[in-house]
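The structure displayed is predicted, hence computed values, not measured ones.
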Amino acid sequence: MNRHEKDMRAIRSTLRRAARLAIEDERRERVRRAQREARFNDMMTNLAAAQLLAEEQTTDCVRPWRTGSAAGGNSYPPPA
């Protein structure tokens with residue numbers, strides 16, 4: 001085998017290794033991306049639930065004053 005054939009064999013081997021590593025890296029990245037997306041979706045679900053809870057608590061807190069049934073009497077005029 002002459003020098004050119006050895007060089008070509010080495011180049012092909014390097015290219016195969018580089019392609020294999022790139023494919024493995026892309027697969028790992030795809031898994032990481034899916035995990036990040038799942039965590040993000042969980043956080044958004046929790047945030048939406050917390051927002052609904054906060055709105056319900058605010059409504060429950062404000063309702064007595066709007067209807068005039070608060071302990072202090074009719075603190076705020078009824079909505080028009």
Side-chain angles (χ1 to χ4, degrees):
M1 183 181 317
N2 65 27
R3 178 163 170 95
H4 175 71
E5 289 171 346
K6 287 180 184 179
D7 289 345
M8 290 303 295
R9 181 173 285 170
I11 289 170
R12 285 188 186 107
S13 174
T14 300
L15 287 174
R16 275 193 298 275
R17 181 174 183 272
R20 187 181 73 249
L21 292 174
I23 291 168
E24 289 172 1
D25 186 52
E26 179 57 32
R27 288 176 179 160
R28 282 190 302 272
E29 181 58 31
R30 196 176 306 142
V31 169
R32 283 191 296 265
R33 207 173 304 129
Q35 291 170 341
R36 275 195 309 264
E37 185 175 346
R39 281 194 308 270
F40 176 78
N41 288 339
D42 288 345
M43 290 188 320
M44 291 305 291
T45 300
N46 290 341
L47 180 62
Q51 177 65 29
L52 286 173
L53 181 62
E55 287 175 6
E56 289 172 4
Q57 290 174 343
T58 301
T59 301
D60 291 346
C61 182
V62 172
R63 185 177 294 128
W65 279 274
R66 288 199 172 179
T67 60
S69 62
N74 198 0
S75 301
Y76 294 99

Assess whether side chain to side chain contact (heavy atoms under 4.5 Å, CB included) is satisfied between Asn2 and Glu5, documenting all intermediate values.
CA-CA 6 Å; Asn2 65 27; Glu5 289 171 346; 3.3 Å; yes

For Arg20 and Arg16: C-alpha separation, side-chain torsions, deciding distance, then whether side chain to side chain contact (heavy atoms under 4.5 Å, CB included) applies.
CA-CA 6 Å; Arg20 187 181 73 249; Arg16 275 193 298 275; 5.7 Å; no

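The 12-atom threshold is exceeded at CZ of Arg33, counting heavy atoms of other residues, nucleotides or ligands nearer than 6.0 Å. More than 12 heavy atoms of other shown residues, nucleotides or ligands fall within 6.0 angstrom of atom CZ in Arg28.
Counting heavy atoms from C-beta on, the side chains of Arg36 and Arg32 come closer than 4.5 Å.
The hydrophobic clustering, which links ILVMFWY residues whose side-chain heavy atoms are closer than 4.5 Å, places Phe40 and Leu47 together.
Here the CE atom belonging to Met44 is positioned 15.5 Å from the CZ atom belonging to Arg39, to the nearest 0.5 angstrom. To the nearest 0.5 Å, the span separating CG on Leu21 from CZ on Arg17 amounts to 5.0 Å.
The backbone N or O of Ala10 lies less than 3.5 Å from a partner atom in the side chain of Thr14, making a donor-acceptor pair.
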